[in-house]
Q: 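Below: one structure in structure tokens.
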Amino acid sequence: MTHDGLDEAQAEWEGELARIHRTRRELELKEWSMIGPFIAQSAEEAFTQSFPPESELDFSKSYQDGKLSWNARPEWKDGKAQPLLGNKAATYLHRRILAESARKLKFFVATNAPYADGLKVWLNGRLVLAKAVEGCEPAKSIEVQVDLRSGANDLLLKAVNYGGGYGFYFSLDAPLEDKALMQVMAAAAKPLLERDGAEKTALRHWFRQKNSPRLQALGRQLSQLRKEKEELEQDIPTVRVMEDMEYRRPTHVLVRGDYRSKGERVSAGVPEFLPSLPPGEKVDRLALARWLVDPGHPLVGRVAVNRFWQLFFGTGIVQTANEFGTQGEPPSHPGLLDWLAREFVDGGWDVQSMLKTIAMSATYRQSSRFRPDLLSRDPANRLLAKGPRLRLPAEAIRDNVLAISGLLDRDRPPGGPSVYPYQPPGLWENKAFYCRTKYEQSEGEDLYRRSLYTFWKRSVPNPILQTFDAPDREVCTVSRERTVTPLQALITLNETTYVEAARIFAQRILKEAGPSVRERIRFAYRTALARPPGPEEEKITERTFHRIFDTYRGEAAKAQQLASIGESPADADLEVTQLAAWTGVAKLILNLDETMTKE
Amino acid sequence: MRLEQELALQMTRRRFFGRGAKGIGSLALASLLREDLYGDAAGRSYGALNRLHFAPTAKRVIYLFMSGAPSQLDLFDSKPKLVEMTGQPMPESVTRGQRIAQLAGRKLVCVGSRFQFGKHGRSGAEISELLPHTAGIADDLAIIRSMHTDAINHDPAVTLIQTGGQQPGRPTMGAWFSYGLGSENHQLPSFVVLTSGGGQGQPLLSRYWGSGFLPSSHQGVEFRSRGEPILFVSNPRGVTTRSRRHLLDGLRDLNRLKMDAVGDPDIAARIKSFEMAYRMQTSVPDLMDTGQEPPKVLEQYGAQPGVPSFANNCLLARRLVERGVRFIQLYHRGWDHHNSLPSNIALQCRQTDQAAAALIRDLKQRGLFEDTLVIWGGEFGRTPMNQGDMTRGNYGRDHHMKAYTIWMAGGGIKPGVTVGATDDLGYNPVEDPVHINDFQATVLHCMGIDHEKFTYRFQGRDFRLTDVGGKVIEKAVVSG
């Protein structure tokens, strides 16, 4: 040990610490204990009924035939909400507070639930609060002030669930003094000879951490390394892993689906008409996975390529893509299905390469024009004498419009949290239940992210995607329908994303195309459809432009209203009635059947 | 339209209607466009069913859904014996081995209704004092007192009565009708949903009017009582009707050019969809404007224009029926009276009784009652056992799946009959039990559909609204 004057400095510091300790008033909050839930017939009853803990605080006792007893919760941290159990139920929470002298104590409590719940607070047996509290989050907690007496105080809380979930939240108005520092202070206040080994070490560590230059340097190094380690670990994505239980739980056939009537006991296996599992292997998830991707498996490759085919052509080679069994339809081109499946499996299950093969096939590259001669012979085009012509799926309909206008958020890499694009007000609020009843619209580029990232609430699905046949996600959907409805037209004409996209597209037309109406129309067609307009189309579009423009003549206020829809600002350089008229033309082009269709 | 396109449309129609399998674009029109595309004056339907299985007695349905489950014991099923036994334990012989919801493990005590029952109309139907207006139309109703279900909690029970199965994923009743029969109106959806408003009670999930595995165009369209009546029906700010018309004219001409070039019948459907959207922009706000009704009518319903309520929705239902909408589903929440039942049920009855009766009378007066089927009821019933505080005049009731009451009226329903009966304590049906699937078979029957023949193949199985059950309630239907 080096003599660097630290020991003397420590002695001086201890003296100072002891002096502070003698003058301060101490407060110590012990750990929480809880008991509950006490179930009542109704929420009101749960609130009013006096359950045993209200009349006796005996932590050794248990109630309701031993089902309920006090449990210590040393892991509960103040300022962090804790979920509680039971509907129409009351849970009691207790903690002891030691005060060196009588003083006031202010704290905050909440039940952490979306609904009003009940809360009562007693201090030393005296009721100090009884009310319904509200609030989904601790932010809506209520403030309570109590008078502590010198010595031990008993704080008792009763949280009552009125419905939905509930919980418990407690925090002091200010952070309590560092517990470790308190201990060190208490040690410093003791005469030297009365301190035990631990206290001496604590004092020494405490002082030297702050005052030894060598220790401080090491400490900095350590925290730097810890930080690096943490950052490194954060970069590793978390993957949840399932594993089998040590012993298999017995599984039974439930007769007519009734969980109470157990039938024959069953074990894991695969259908008999399919190849059997590899012999000798443990029958578990891994065995199932290996079985599925066995190159000899007759189904998996075929089912997969059929779905890829369906993506491109609208209909699979087996039309019933979700049913390859006896209830399904036979393939229209069995040889093709077999060949594709073989290519796919032998090519190492390379999806991209399979999609490329299909996309580059002569069949897919055929014109999608309807041919009168085929209509009577093969109206559904099952024989693929022409190419497919299909309306885009829900997500792509919106993405396409965002992309044409230039609004689509293309900068961010794939992945990330869900986003909340425009949605009419009140949808969640009117129907949602429990928590998350408020739709908080995203801001900035999140409004223009691909629809894939749109948050999906199953009880109140996104109306735009839903109207364009996105599945409701209640059950697995292998093939989507494609409908045409007026509700879709109302969306593409009136919904905020589409109106805004039309305006932004109009801004592009006005700034990026030449000055004449025709040049602008040609630019718009090329941008949206990747082709110039035909002469007749150009004429109709031009006529429509002039007609719409006439309606905005002298109506700058109306034009301004239209230009202010959506979060992205209107380009102030552009004359607003011009912009409004071109917004109309842009919307016309965005609403063309061809724009919404893959052909 | 050119001949080839006509032909194409024909083919499209046959392709879809003939097979009833995977749809293509135009099929949605079946539900949303009018007969000039798919119509047929010779009694054929406009939907996927080529021909009805027998002559329908009803063309439209109004289903007044009482979400949360009203107490049959306080409204329709009078039980003097239960009143007598109030406060005494429920005989164990009745409840042993039974599924019980929130009362599980508690003392089961009988509680009779504190409300008075009377016999009403020439039929002498027993109805409680809580429903004075319904009592006034007793001779128009078929009251079914022996309903029973398989689910003891709200969500699975609503799912069961709407779809025939307790698990989510199947089409709801309105979606089945939209799919099978299409619409009689070219300006409105064939399946409309109205909710009473207010956030109280059990949650309403949009899958309660979902289309399940049927094409999504058959899902119910919610007409909202606040905000835009249909989402996105209003023009954006700064867009006038005139400029919208110019845009749509241009769009129509351009889409026609495209149709001529590629010959895809879906483009014809798209053109129609825009025109219909345009018409809906005026027809829907017009429809929703109950202020057009004479004060006398508003008074009969107890409706106030612009104020969301069950009464307003009943009036809207009549306006929708007049316009040929196929299936109108009303949801009224707030019947889940586990405790303080007497005061709560009285409140719900005040909100619903008058309007439901006014609807029947109004339909009759307008000659719509003969071919409109009106249904009133919840997802299950309530227990003869008390739940919660039981003091003088105050009690509560838990969920009960073994017996409850609904009523049906109108097209094809026998007026002034009471079907089925329960035991002295109102626990089990003892006469003509009616399962949920039986109820569904009956609704289909009234609409001219054999429930066993109306199927949709999905994942290799032919699904029905009635699952694997269902027997028409012969005593409740006219042809029976």
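Worth knowing before you read on, the calculation uses all heavy atoms, side chains too, and leaves out hydrogens, waters and symmetry mates. Below, read A as the first sequence line, B as the second, and so on, with proteins coming before strands; counting in each chain starts at 1.
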Q: What part of A/Arg371 lies closer than 4.5 angstrom to a heavy atom of chain B: side chain, backbone, both or neither?
A: neither
Q: As an exercise: rank A/Val499, A/Ile565, A/Ile39, A/Asp550 by heavy-atom pairs under 4.5 Å with chain B and give me the winner.
A: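 Of the options given, most contacts go to A/Ile565.
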Q: What part of A/Glu474 gets closer than 4.5 Å to chain B, counting heavy atoms only: side chain, backbone, both or neither?
A: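 For A/Glu474, the contact with chain B is made by the side chain alone.
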Q: In terms of heavy-atom proximity below 4.5 Å to chain A, should B/Ser234 be classed as side chain, backbone, both, or neither?
A: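 Backbone only.
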Q: Indicate yes or no for a side-chain donor-acceptor contact from A/Thr597 to the backbone of A/Asp593 under 3.5 Å, with no hydrogens or angles considered.
A: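 Yes, because the side chain of A/Thr597 sits within donor-acceptor range (under 3.5 Å) of the backbone of A/Asp593.
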Q: Could you tell me how the ring of B/Phe213 sits relative to the ring of B/Phe458: parallel (under 30°), tilted (30 to 60°) or perpendicular (over 60°)?
A: parallel
Q: Looking only at heavy atoms and a cut-off of under 4.5 Å, which of B/Gln102, B/Gln219, B/Glu275, B/Arg245 has the most pairs with chain A?
A: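 Option with the greatest count: B/Gln219.
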Q: What part of B/Asn339 is in contact with chain A, defined as an atom under 4.5 angstrom from a non-hydrogen atom: side chain, backbone, both or neither?
A: side chain
Q: Taking every heavy-atom pair that is under 4.5 Å apart, which of A/Asn494, A/Thr496, A/Leu588 has the most such pairs with chain B?
A: A/Asn494
Q: Using the six-membered ring of A/Trp428, assess whether NZ or CZ of A/Lys438 lies under 6.0 Å from its centre and within 45 degrees of the ring axis.
A: no
Q: Tell me, side chain or backbone of B/Ile271 under 4.5 Å from chain A's heavy atoms, or both, or neither?
A: neither
Q: Shortest non-hydrogen contact from A/Tyr552 to B/Gly238?
A: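 Reported closest heavy-atom pair: OH-O, 2.6 Å.
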Q: I'd like to know if the side chain of A/Asn381 and the backbone of A/Lys386 have a donor-acceptor N/O pair within less than 3.5 Å.
A: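 Yes, A/Asn381 side chain to A/Lys386 backbone: donor-acceptor pair under 3.5 Å.
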Q: Using heavy-atom distances under 4.5 Å, tell me whether A/Glu323 contacts chain B through its side chain, its backbone, both, or neither.
A: side chain
Q: Against chain A, label B/Glu228 side chain, backbone, both or neither, depending on which of its atoms sit under 4.5 Å from a heavy atom there.
A: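 Neither part, no heavy atoms under 4.5 Å.
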Q: Where does B/Leu257 contact chain A at under 4.5 Å (heavy atoms): side chain, backbone, both or neither?
A: side chain
Q: Among B/Met280, B/Arg106, B/Gln167, which has the most heavy-atom pairs under 4.5 Å with chain A?
A: B/Arg106
Q: Heavy atoms only, distances under 4.5 angstrom: which of B/Asp253, B/Asn255, B/Leu254, B/Asp462 has the most pairs with chain A? Name it, please.
A: B/Leu254
Q: Using modelled atom types and a 3.5 Å cut-off, is there a donor and acceptor pairing between side-chain atoms of A/Arg391 and backbone atoms of A/Thr483?
A: yes
Q: Given a strict heavy-atom distance threshold of 4.5 Å, which part of A/Ile548 is in contact with chain B: side chain, backbone, both, or neither?
A: both
Q: More than 12 non-hydrogen atoms from neighbouring residues, nucleotides or ligands closer than 6.0 Å to CZ on A/Arg543, yes or no?
A: yes
Q: Please lay out, stage by stage, how B/His218 and B/Ser211 fare under the test side-chain hydrogen bond (donor to acceptor under 3.5 Å, both in side chains).
A: CA-CA 6 Å; B/His218 298 297; B/Ser211 54; over 6 Å; no
Q: How would you list, by chain and number, every residue that makes a salt bridge (Lys or Arg N to Asp or Glu O under 4.0 Å) with B/Arg252, sequence neighbours excluded?
A: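 B/Asp249.
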Q: Classify the angle between the aromatic ring planes of B/Tyr456 and B/Tyr179 as parallel (below 30°), tilted (30 to 60°) or perpendicular (above 60°).
A: perpendicular
Q: With a 4.5 Å cut-off on heavy-atom pairs, point out which of A/Gln466, A/Met596, A/Lys88, A/Gln488 contacts chain B the most.
A: A/Gln466
Q: So which of B/Gly169, B/Pro236, B/Gly227 has the biggest tally of heavy-atom pairs under 4.5 Å with chain A?
A: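 Max contact count across the listed options: B/Pro236.
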Q: Which atoms of A/Ala40 are under 4.5 Å from chain B, going by heavy atoms: the side chain, the backbone, both sets, or neither?
A: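 Just the backbone, heavy atoms under 4.5 Å.
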Q: Below 4.5 Å, heavy-atom pairs only: which of B/Arg242, B/Gln387, B/Arg244 has the largest tally toward chain A?
A: B/Arg244
Q: May I ask you to check whether A/Phe545 and A/Trp582 place their ring centers less than 6.0 Å from one another?
A: yes
Q: Would you please name every residue forming a salt bridge (Lys or Arg N to Asp or Glu O under 4.0 Å) with B/Asp467, sequence neighbours left out?
A: B/Arg170, B/Arg461
Q: Does any backbone or side-chain atom of A/Glu536 lie under 4.5 Å from a heavy atom of chain B? Answer side chain, backbone, both or neither.
A: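 Its backbone and side chain both get close to chain B.
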Q: Report yes or no: do A/Asn591 and B/Arg270 form a side-chain donor-acceptor pair below 3.5 Å?
A: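 Looking only at side-chain atoms, B/Arg270 and A/Asn591 do not form any donor-acceptor pair under 3.5 Å.
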Q: Of the listed residues (A/Glu599, A/Arg389, A/Arg260), which shares the most heavy-atom pairs with chain B below a 4.5 Å separation?
A: A/Arg389
Q: So which of B/His246, B/Gln281, B/Arg207, B/His338 has the largest heavy-atom pair count under 4.5 angstrom toward chain A?
A: B/His246
